[in-house]
Number of protein chains: 4
Amino acid sequence: MDKQDYLQHLINAGEEDVQLTPKQAKILEAAIEIFAEKGYAATSTSEIAKKAGVAEGTIFRHYKTKKELLISIVTPGIIKLTVPFFADQFVSEVFKERSESYEQLLRKIIRNRFEFVQKNVPLLKIIIQEMAFHEELKQSFQSIFIKKIFPKFDEAVTQFKKDGLIVDYPSSSIIRFTMTTIIGFIITRFLILPEAEWDDDEEIDRTIRMLMHGIQPDS
Amino acid sequence: MDKQDYLQHLINAGEEDVQLTPKQAKILEAAIEIFAEKGYAATSTSEIAKKAGVAEGTIFRHYKTKKELLISIVTPGIIKLTVPFFADQFVSEVFKERSESYEQLLRKIIRNRFEFVQKNVPLLKIIIQEMAFHEELKQSFQSIFIKKIFPKFDEAVTQFKKDGLIVDYPSSSIIRFTMTTIIGFIITRFLILPEAEWDDDEEIDRTIRMLMHGIQPDS
Amino acid sequence: MDKQDYLQHLINAGEEDVQLTPKQAKILEAAIEIFAEKGYAATSTSEIAKKAGVAEGTIFRHYKTKKELLISIVTPGIIKLTVPFFADQFVSEVFKERSESYEQLLRKIIRNRFEFVQKNVPLLKIIIQEMAFHEELKQSFQSIFIKKIFPKFDEAVTQFKKDGLIVDYPSSSIIRFTMTTIIGFIITRFLILPEAEWDDDEEIDRTIRMLMHGIQPDS
Amino acid sequence: MDKQDYLQHLINAGEEDVQLTPKQAKILEAAIEIFAEKGYAATSTSEIAKKAGVAEGTIFRHYKTKKELLISIVTPGIIKLTVPFFADQFVSEVFKERSESYEQLLRKIIRNRFEFVQKNVPLLKIIIQEMAFHEELKQSFQSIFIKKIFPKFDEAVTQFKKDGLIVDYPSSSIIRFTMTTIIGFIITRFLILPEAEWDDDEEIDRTIRMLMHGIQPDS
DNA sequence: GATGAATGAGCGTTCATTCAT
DNA sequence: AATGAATGAACGCTCATTCAT
């Protein structure tokens with residue numbers, strides 16, 4: 001099984017949530033909720049067990065250590081969060097046909113990821129928090145980003161630049177700015193100000209317009 | 001002492017790092033470093049004491065609890081990080097005279113905050129991480145943002161919009177997009193990819209250009 | 001379950017020492033011994049654990065706090081010590097039939113409590129010592145005394161006074177003097193001078209005789 | 001300085017509260033109050049220092065250890081509490097002249113000790129509590145009792161017995177019963193039910209009458 | 001004499017993990 | 001597979017005591 005396959009496997013596992021016993025599902029569910037609320041380090045396994053309605057020992061039957069439980073949540077989480085940036089079927093089509101603009105590509109991506117995050121806020125919170133403290137999670141993320149996201153993104157940007165549809169800045173800068181804008185919006189929307197009143201469709205549109213045309217008029 | 005004065009006091013205290021005994025300084029220094037590296041919850045007071053070269057009891061002579069130590073680090077940190085967004089003298093001048101553009105205002109802000117973060121990376125990391133888990137820190141931040149940053153930002157954006165220098169989107173959207181772009185750049189630069197090769201001046205320029213004009217040419 | 005039943009339940013629980021795991025029994029045993037010897041506050045849980053032959057954590061699995069451990073010892077102890085003053089079957093009989101004198105009632109009580117204390121010296125010591133510092137224990141004791149001991153004692157004394165068998169002093173004074181004499185004897189016997197040579201039967205007799213007739217002859 | 005002299009010295013020291021700096025007096029005062037309230041082991045020196053209004057170090061300048069502070073309180077306390085049982089001038093007179101009865105001797109003693117305790121409740125509490133846990137205090141007490149109290153008490157009882165004024169029981173029993181009655185009354189009065197309504201003169205009288213004549217009439 | 005910062009041992013308690021059932 | 005009692009290391013924190021000022 002080469003690395004590609006391994007990732008593919010993880011993706012499938014992630015998307016389809018393979019065979020989990022009901023207890024295991026309960027444990028994961030409880031752990032995600034509490035990890036998101038208090039952070040991994042501040043969460044006790046007994047708390048997870050209680051919330052999941054299982055005995056403490058049961059957790060350790062399925063996950064050798066507390067850390068393995070975290071990784072079992074975060075690693076598939078990273079994949080489910082990042083890979084669809086370019087793996088999504090619509091996106092692929094748009095991108096392959098290039099019949100549509102960069103703007104439309106971004107709109108698809110942002111809409112798709114918006115919906116995913118909307119249903120997985122706690123997971124996103126855990127990923128952001130814990131990646132900062134666990135080297136192996138950071139590696140996981142970087143590896144996926146470098147292998148799956150960046151090349152496609154780079155390819156797209158390069159092509160659009162060649163077609164004269166986006167400015168001729170270094171791809172890395174354009175990608176960074178694009179991702180910063182998308183992620184910044186999503187984090188503001190769901191983590192920083194989730195309780196503000198949002199007109200989501202309008203705000204997505206405006207965000208993409210600002211991303212494409214900036215905030216200076218007539219420019 | 002009214003609220004303004006109090007904040008001013010905090011800012012001064014912050015900038016000048018008032019009267020700290022040498023041991024207290026050592027403790028803060030050590031705590032900042034370890035909190036940033038492993039997170040507050042995963043850091044033990046004995047570890048801080050060892051790194052600071054003091055007895056564990058000494059920490060508790062200066063800070064009643066471990067949490068108080070965290071707050072003693074983060075609260076002034078938030079102030080030092082956020083208030084200068086608009087309290088900086090140059091920025092104030094630029095803004096008052098409006099002899100220069102929004103672009104130049106942003107350039108001043110981004111340069112100023114860039115330099116601050118450069119010298120305080122661990123502090124930034126702690127602020128971002130721990131605000132997520134400690135309600136009082138979130139409140140601190142929100143209070144400062146709402147009282148000190150947002151009104152000035154709003155005033156500036158409203159004026160520039162009236163002058164036709166920036167697009168007529170809701171101020172909240174423009175502010176969010178602007179901050180997302182600045183913060184996203186700084187976080188990418190110092191926390192996510194600190195070891196990449198960065199031409200900082202060039203990247204700051206490019207970031208502001210993208211922020212102002214978007215990534216679509218001739219538009 | 002009304003109050004009566006509840007107390008009865010506690011008494012039974014007390015007398016039969018319901019279901020205790022062996023480790024729990026070991027912990028109680030060790031705690032009683034050390035609390036009696038050094039006092040609650042001066043006893044460390046690690047010491048108890050060592051003497052009980054269990055891990056320190058095991059104590060806290062059975063008793064949430066050190067204080068809860070104390071209360072688990074003292075509260076049933078108070079009940080076992082006080083309630084039988086008048087709940088004892090023989091005493092009840094004597095008292096009901098009144099075929100016998102106050103003297104004989106006291107003799108039964110003193111003999112019965114003497115034997116109980118003989119087997120529970122450390123428990124008595126803990127009760128006396130700790131009731132002074134823990135309001136809830138004092139309350140426990142007062143509640144039992146007021147509800148279970150005093151009314152019966154009062155009834156008996158009133159009856160015997162009416163029958164002209166004891167002097168017409170206020171019942172409270174007679175009860176206080178009686179208890180003081182009994183308790184004073186038992187404490188002297190077991191706590192203050194346990195190592196003196198005692199002819200217990202003779203001393204009990206003499207104590208009751210002094211209690212009944214005073215120390216002045218022919219009077 | 002032989003033992004007698006030493007005791008005499010202690011007694012004087014006790015009665016006259018020799019040369020104490022004001023700070024030292026404050027410390028003793030604070031310590032007595034807190035030791036009585038929470039017990040020696042549960043009292044921290046910092047608490048004493050705070051209540052006394054001195055620095056923590058100051059306590060240790062006057063008393064090498066916390067325990068020495070306790071002993072400085074309790075040892076003179078024991079003396080002041082016990083020695084006057086027979087050292088009191090009036091008592092001495094009564095006893096020497098034997099112009100009066102055992103009853104009157106007791107009345108003098110009980111009145112005298114009643115007044116002393118009334119002004120020194122916390123001290124009494126500390127003595128009772130801490131004698132149970134500190135061997136040296138118990139020794140102190142026993143030594144004083146055996147050397148100063150018992151011989152005089154014994155002498156008196158023997159004499160009164162010879163004169164046919166009290167029953168011919170062993171002196172030890174009579175002394176124990178007498179002390180138990182006096183101490184039991186005082187402890188009930190000041191420690192167990194201090195807040196009940198007491199007609200002190202009446203109760204002292206009744207106590208002595210019960211002590212002398214028992215509770216059985218016509219006897 | 002008086003201070004109070006500093007100490008480090010020891011406290012009560014929690015925790016992730018093990019294992020006999 | 002699931003349990004939950006048991007573990008003992010480690011935690012945050014307090015304490016009596018020391019000592020330079």
Side-chain angles (χ1 to χ4, degrees), chain A residues 21-24 26-27 40-50 52-69, chain B residues 21-24 26-27 40-50 52-69, chain C residues 21-24 26-27 40-50 52-69, chain D residues 21-24 26-27 40-50 52-69:
Chain A
T21 70
K23 300 240 172 203
Q24 219 171 339
K26 278 291 205 178
I27 290 167
Y40 166 79
T43 299
S44 74
T45 50
S46 80
E47 208 177 349
I48 297 170
K50 198 189 291 175
V54 303
E56 270 199 79
T58 307
I59 293 175
F60 290 91
R61 183 150 297 280
H62 293 290
Y63 306 94
K64 265 207 293 290
T65 64
K66 184 185 165 195
K67 182 130 188 195
E68 195 183 294
L69 171 58
Chain B
T21 70
K23 301 241 171 201
Q24 217 170 340
K26 278 293 209 175
I27 290 167
Y40 168 78
T43 299
S44 75
T45 49
S46 81
E47 208 176 348
I48 296 170
K50 201 185 293 174
V54 304
E56 206 170 343
T58 306
I59 293 175
F60 291 95
R61 179 157 291 276
H62 293 291
Y63 306 94
K64 269 204 288 290
T65 62
K66 185 187 164 195
K67 182 131 186 196
E68 196 183 294
L69 172 58
Chain C
T21 69
K23 300 240 171 203
Q24 217 170 340
K26 280 290 209 175
I27 290 167
Y40 167 79
T43 300
S44 75
T45 49
S46 81
E47 208 176 348
I48 296 170
K50 201 185 291 174
V54 304
E56 209 170 342
T58 306
I59 293 175
F60 291 93
R61 178 157 293 276
H62 293 291
Y63 306 93
K64 270 203 287 290
T65 61
K66 184 186 164 195
K67 181 131 187 197
E68 196 183 294
L69 172 58
Chain D
T21 70
K23 300 239 171 203
Q24 219 170 340
K26 279 289 205 180
I27 290 167
Y40 166 79
T43 299
S44 73
T45 49
S46 80
E47 208 176 348
I48 297 169
K50 199 189 290 174
V54 304
E56 271 200 79
T58 307
I59 293 175
F60 290 92
R61 183 151 296 279
H62 293 290
Y63 307 93
K64 264 207 294 291
T65 64
K66 183 185 166 196
K67 182 130 187 195
E68 196 183 295
L69 172 58

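Every chain is numbered from 1 and lettered A, B, ... according to where its sequence line falls, protein lines coming before strand lines.
- Taking a pair as Watson-Crick or G-U wobble with both distances under 3.5 Å, the runs of three or more consecutive pairs in DNA chain E are E:2-21 with F:2-21.
- Whole-Å rounding puts the D:Gln24 CD to E:dG1 P distance at 10 Å.
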Trace of the side-chain contact (heavy atoms from CB on, under 4.5 Å) decision for D:Thr21 with D:His62
CA-CA 10 Å; D:Thr21 70; D:His62 293 290; 3.9 Å; yes
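- Closest approach of A:Gly53 and A:Lys23 over heavy atoms only: O-NZ, 4.4 Å.
- Rounded to whole Å, atom C1' of F:dC15 lies 14 Å from atom NZ of D:Lys50.
- For F:dA2, the OP1/OP2 oxygens have a side-chain nitrogen or oxygen of A:His62 closer than 4.0 Å.
- Summarising the local packing, NZ of A:Lys64 is surrounded by 12 or fewer heavy atoms from other residues, nucleotides or ligands at distances under 6.0 Å.
- Going from atom CD1 of C:Ile48 over to atom C1' of E:dC11 covers 12 Å, rounded to whole Å.
- Straight-line distance from the OH atom of C:Tyr63 to the P atom of E:dT13: 14 Å, rounded to whole Å.
- The nearest whole Å value for the distance from the CD1 atom in D:Ile59 to the P atom in F:dA16 is 9 Å.
- The distance from atom NZ of A:Lys26 to atom P of F:dA2 is 14 Å, rounded to the nearest whole Å.
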Before giving the answer on side-chain contact (heavy atoms from CB on, under 4.5 Å), spell out for D:Ile48 and D:Leu69 the whole-Å C-alpha distance, their side-chain angles and the decisive distance to 0.1 Å.
CA-CA 11 Å; D:Ile48 297 169; D:Leu69 172 58; 4.0 Å; yes
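- Evaluated for a side chain to side chain donor-acceptor pair (under 3.5 Å) with C:Thr45, the options C:Lys66, C:Glu56, C:Lys50 yield exactly one hit, C:Glu56.
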Strictly under 4.0 angstrom, non-hydrogen atoms only: write out the protein contact profile of nucleotides 16-21 of chain E, one letter per nucleotide from the 5' end, B, S or -.
BBB---
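- Atom P of nucleotide F:dT14 and atom CD of B:Glu68 are separated by 11 Å, given to the nearest angstrom.
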